[in-house]
> 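Have a look at this one.
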There are 2 protein chains.
Amino acid sequence: MTESNFFCSFGSPSKKSEVMAKKVTIYDIAREAGVGIGTISRVLNDHPSVTPETRKKVIEVAKRLNYQPHTYAQRLARRQSETISAVIPFFTNYFFIEVLRGVQDKISELGYDLVLYGVERPDQVEGYAARALQRGKVDGILFFSMKVPDKVLARLKETNLPIGLVDAVSPEFDSISVANAEGAYAATAHLLELGHQSVGMINAQPVSAPALERLQGYRRALERHGISFSDELVRIGRNTKQDGFNRDAGYEAMMEFVKMGSGMPKAFFVSSDIQAMGAISALSENGFRVPEDVALVGFDDIELARHMRLTTMRQPMFQMGVLAIERLVARMANPDMEILHTTFSPTLIVRESCGALTRNQN
Amino acid sequence: MTESNFFCSFGSPSKKSEVMAKKVTIYDIAREAGVGIGTISRVLNDHPSVTPETRKKVIEVAKRLNYQPHTYAQRLARRQSETISAVIPFFTNYFFIEVLRGVQDKISELGYDLVLYGVERPDQVEGYAARALQRGKVDGILFFSMKVPDKVLARLKETNLPIGLVDAVSPEFDSISVANAEGAYAATAHLLELGHQSVGMINAQPVSAPALERLQGYRRALERHGISFSDELVRIGRNTKQDGFNRDAGYEAMMEFVKMGSGMPKAFFVSSDIQAMGAISALSENGFRVPEDVALVGFDDIELARHMRLTTMRQPMFQMGVLAIERLVARMANPDMEILHTTFSPTLIVRESCGALTRNQN
DNA sequence: GCCGAATGCGGAAGGGTTTCCATCATTTTC
DNA sequence: GAAAATGATGGAAACCCTTCCGCATTCGGC
């Protein structure tokens with residue numbers, strides 16, 4: 001873009017501040033430069049059919065007058081907003097930051113603006129969607145980590161606005177997500193392959209799609225390794241905040257396992273790192289050490305995980321953000337593009353909590 | 001162009017979806033309702049001088065036609081953007097989320113839009129500022145946790161746009177910050193009052209204002225307790241990422257202390273929680289337990305701190321975000337308002353790392 | 001030296017609102 | 001009952017840009 005050209009001019013700053021930011025329009029430039037407004041616009045938008053001399057003169061005048069195009073007049077006339085909005089639940093914390101990072105990276109590379117709608121409570125989604133859907137407001141919307149309410153879904157389909165889903169899936173929109181089942185499979189398999197015969201799972205609320213998928217993967221891993229699945233070995237904490245993906249739920253679930261006494265598994269796949277934190281607290285309160293007495297594998301690879309030496313499944317969050325924008329922009333350019341669903345595979349990050357490292361050292 | 005209105009009959013939702021969201025303008029409503037466009041605008045903006053019947057009719061028609069005002073046409077005509085932009089460094093992680101949460105909360109309460117510019121590298125600031133400064137684009141800008149480059153600063157003063165600083169201070173703009181010195185004082189004093197005669201400090205790079213202020217507070221606490229300050233007892237890690245507020249720097253600094261042998265202090269004030277994480281790793285690698293062998297107090301109260309049982313100074317981040325917006329909006333309403341600087345006092349959160357609590361008390 | 005094509009350019013017409021002013025209708029006041 | 005005040009309304013103008021149409025000029029080819 002060319003705005004930056006006008007941003008930083010050479011003239012004496014003291015002088016300029018006296019001039020006082022009077023709103024300069026293309027008409028002013030046109031008059032001053034002795035040309036028509038059409039020409040001004042053409043110069044500023046790098047339209048080819050302008051002679052080099054005219055162009056030079058116009059640019060000179062524009063700079064001298066310290067011209068700044070009016071964003072909203074441009075957007076109105078161009079019939080596009082150069083804006084993308086993102087509806088993101090704040091409570092996903094680290095996940096959300098990382099994805100947002102990717103989103104922002106790509107968005108600013110493309111010269112778009114990002115309008116952020118941070119969701120604290122599910123009921124806010126509808127209001128935000130309504131705002132984002134205001135006519136002309138944005139060129140596209142990204143929804144993160146949430147089941148879009150049916151009501152909103154219907155409205156989204158009505159408008160022809162490009163929509164993208166991240167960390168969520170719906171047949172009607174492009175989506176970028178993580179292979180939850182596959183990740184859970186890998187995590188569980190890792191524990192099994194370390195020799196554990198009995199692997200428990202701490203899951204989140206089954207209303208959450210990721211929770212369900214992770215359970216699937218866990219189950220499949222057991223089966224492939226010839227171990228029969230048992231309801232007894234899957235526990236869910238009572239705390240339902242964030243669909244059970246919270247620290248206390250992990251604590252509660254592990255406490256239940258501890259109560260099993262000698263029948264308690266010595267290895268666990270925990271459906272999120274944050275739950276694993278709680279689980280570890282519960283363990284240490286009961287005198288179990290990790291990984292010496294109990295092995296754990298989490299899911300997400302949030303920042304804490306590294307500090308806690310937690311073995312976990314990493315989601316390529318930054319990349320997901322980048323791809324989400326790329327996909328959205330592609331759809332803006334070509335609305336009839338076939339709907340695309342991309343799933344990223346999480347990768348196993350081996351740290352200490354699973355016991356694999358200590359084992360190798362011996 | 002407008003014929004579709006005539007085909008658009010009442011009810012029948014199936015029909016509606018076929019009609020396809022044709023852009024409805026106030027002219028369409030005016031024609032349909034048999035009134036002038038001025039009246040439409042008045043109704044939609046709750047202007048008083050419209051009869052109840054007219055109002056009712058207009059609203060009915062607007063609803064029937066599924067009218068949506070065009071955001072940018074409004075903003076152009078109203079001469080205001082109903083948008084605030086925030087320039088935030090992403091790397092502050094948890095701090096940034098929490099503040100952003102407060103910002104978002106207030107902003108959406110006020111019906112504004114938030115345009116986010118996430119900074120990864122300092123050199124991006126200038127570009128973002130230029131974008132935010134585009135004529136008419138935003139009604140105000142908030143800068144977070146950064147020293148605004150002089151070049152940009154000059155530019156900001158030139159435009160009369162309301163500007164706010166959060167977690168940073170400059171005489172020319174409103175600011176919301178944290179009393180770093182005071183917090184450092186409290187943290188250090190806490191350790192001293194627990195009976196420690198020798199308290200070390202792990203600091204960040206002195207180019208950072210917060211680092212400097214925290215050092216001040218540490219120093220003052222020592223003095224007030226009749227203990228002389230010693231350069232030896234302040235260490236800074238070599239890793240300069242994020243001005244030294246990073247995990248590795250904390251690790252490195254603590255390693256230096258460990259090398260002191262028996263002269264090593266048994267209590268430390270660490271200038272950020274994230275550095276404290278590194279410090280703890282260094283300690284545990286060298287056989288020191290926290291808090292039995294060494295007491296620590298951090299600063300920030302990031303999420304990790306709770307999980308690590310780290311005693312620390314909490315910054316009221318959410319509130320800071322809320323206040324930042326309130327202040328900015330106040331300045332928009334009254335640009336001649338006196339410049340206001342608000343500092344929040346951090347509060348001491350006592351957990352286990354300082355040794356003040358026994359393990360069982362939690 | 002002529003003709004058609006190519007090129008540069010001016011400015012009207014849009015884009016969709018808000019706002020202000022004049023107009024007309026209705027009350028109020030004396 | 002006339003004059004004045006009040007209130008609702010229509011619509012032009014303004015907000016500031018992009019785009020398109022058509023005109024004028026230049027250029028290349030023969």
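Within every chain, numbering begins at 1; the chains are lettered A, B, ... in the order of the sequence lines, protein sequences first and strands thereafter.
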> Taking only side-chain nitrogens and oxygens of B:Thr51, does any of them come within less than 4.0 Å of OP1 or OP2 of D:dG7?
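Indeed not, no polar side-chain atom of B:Thr51 lies that close.
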> Can you check the B:Lys137 NZ to D:dC17 C1' distance for me, whole Å?
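Nearest whole value for this atom pair: 15 Å.
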> Pairing donors with acceptors under 3.5 angstrom, does anything connect the side chains of A:Arg75 and A:Thr83?
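Checked: A:Arg75/A:Thr83 side chains pair up, N/O donor to acceptor below 3.5 Å.
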> Decide, yes or no, whether a salt bridge links B:Glu109 with B:Lys106 under the criterion of side-chain N to carboxylate O below 4.0 Å.
yes
> Between P on D:dT18 and CG on A:Asp46, what's the gap in Å once rounded to a whole number?
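Going from CG in A:Asp46 over to P in D:dT18 covers 12 Å.
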> State which of D:dT19, C:dC9, D:dA8 makes the closest approach to the side chain of A:Val50.
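The closest nucleotide is C:dC9.
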> Can you check the A:His47 NE2 to D:dT19 P distance for me, whole Å?
9 Å
> Begin from the C-alpha positions of A:Arg327 and A:Thr342 and carry the test side-chain hydrogen bond (donor to acceptor under 3.5 Å, both in side chains) through to its verdict.
CA-CA 10 Å; A:Arg327 181 73 39 91; A:Thr342 303; 3.0 Å; yes
> Identify each atom pair where a protein N or O and an N or O of nucleotides 20-27 of chain D are less than 3.5 Å apart, giving names and distance.
residue, atom, partner, partner atom, Å
D:dC20, N4, A:Arg42, NH1, 3.1

> Are OP1 or OP2 of D:dT9 and a side-chain N or O of B:Thr54 less than 4.0 angstrom apart?
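Yes, within the criterion.
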> Can you measure A:Gln134 atom CD to C:dT17 atom C1' for me and round it to whole angstrom units?
13 Å
> Salt bridge or not for A:Glu60 and A:Lys56, using N-O below 4.0 Å?
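The answer is no: the pair does not qualify as a salt bridge.
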> Taking atom C1' of C:dG11 as reference, at what distance in whole Å does atom CD1 of A:Ile29 sit?
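Going from CD1 in A:Ile29 over to C1' in C:dG11 covers 16 Å.
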> If we ignore angles and hydrogens, is there a donor and acceptor under 3.5 Å between the side chains of B:Tyr128 and B:Ser85?
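No.
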> For A:Glu126, does the CD atom sit with more than 12 other heavy atoms under 6.0 Å from it, leaving out its own atoms?
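At most 12 heavy atoms, drawn from other residues, nucleotides or ligands, come within 6.0 Å of this atom.
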> Can you check the B:Leu44 CG to C:dT17 P distance for me, whole Å?
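To the nearest whole Å, that distance equals 9 Å.
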> Can you pull every protein N or O that's under 3.5 Å from an N or O on nucleotides 25-27 of chain C?
none

> With side chains defined as the heavy atoms from C-beta onward, is the minimum distance between A:Leu161 and A:Ile141 less than 4.5 Å?
yes
> Would you kindly give the CD-to-P distance between A:Glu53 and C:dG8, to the nearest whole Å?
10 Å
> Would you say B:Thr39 reaches D:dG10's phosphate, i.e. side-chain N/O to OP1/OP2 under 4.0 Å?
yes
> Any side-chain heavy atom of A:Phe173 sitting closer than 4.5 Å to one from A:Val148?
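The answer is no, as the side chains (C-beta and beyond) never meet within the 4.5 Å cut-off.
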> For B:Ile88, which of B:Val119, B:Val166, B:Ile97, B:Leu116 qualifies under side-chain contact (heavy atoms from CB on, under 4.5 Å)?
B:Leu116
> How many Å lie between CD1 on B:Ile37 and P on C:dC20, as a whole number?
14 Å
> Kindly indicate whether the side chain of B:Arg101, heavy atoms from C-beta on, has any atom under 4.5 Å from the side chain of B:Asp105.
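No, every pair of side-chain atoms sits at 4.5 Å or beyond.
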> Going by heavy atoms in the side chains, are B:Asp113 and A:Tyr117 under 4.5 Å from each other?
yes
> Using a cut-off of under 3.5 Å, enumerate the N/O to N/O pairs linking the protein to nucleotides 14-16 of chain D.
residue, atom, partner, partner atom, Å
D:dC16, OP1, B:Arg135, NH2, 2.8

> With the side chain counted from C-beta on, respond yes when B:Glu32 and B:Lys57 share a heavy-atom pair under 4.5 Å apart, and no when they do not.
no
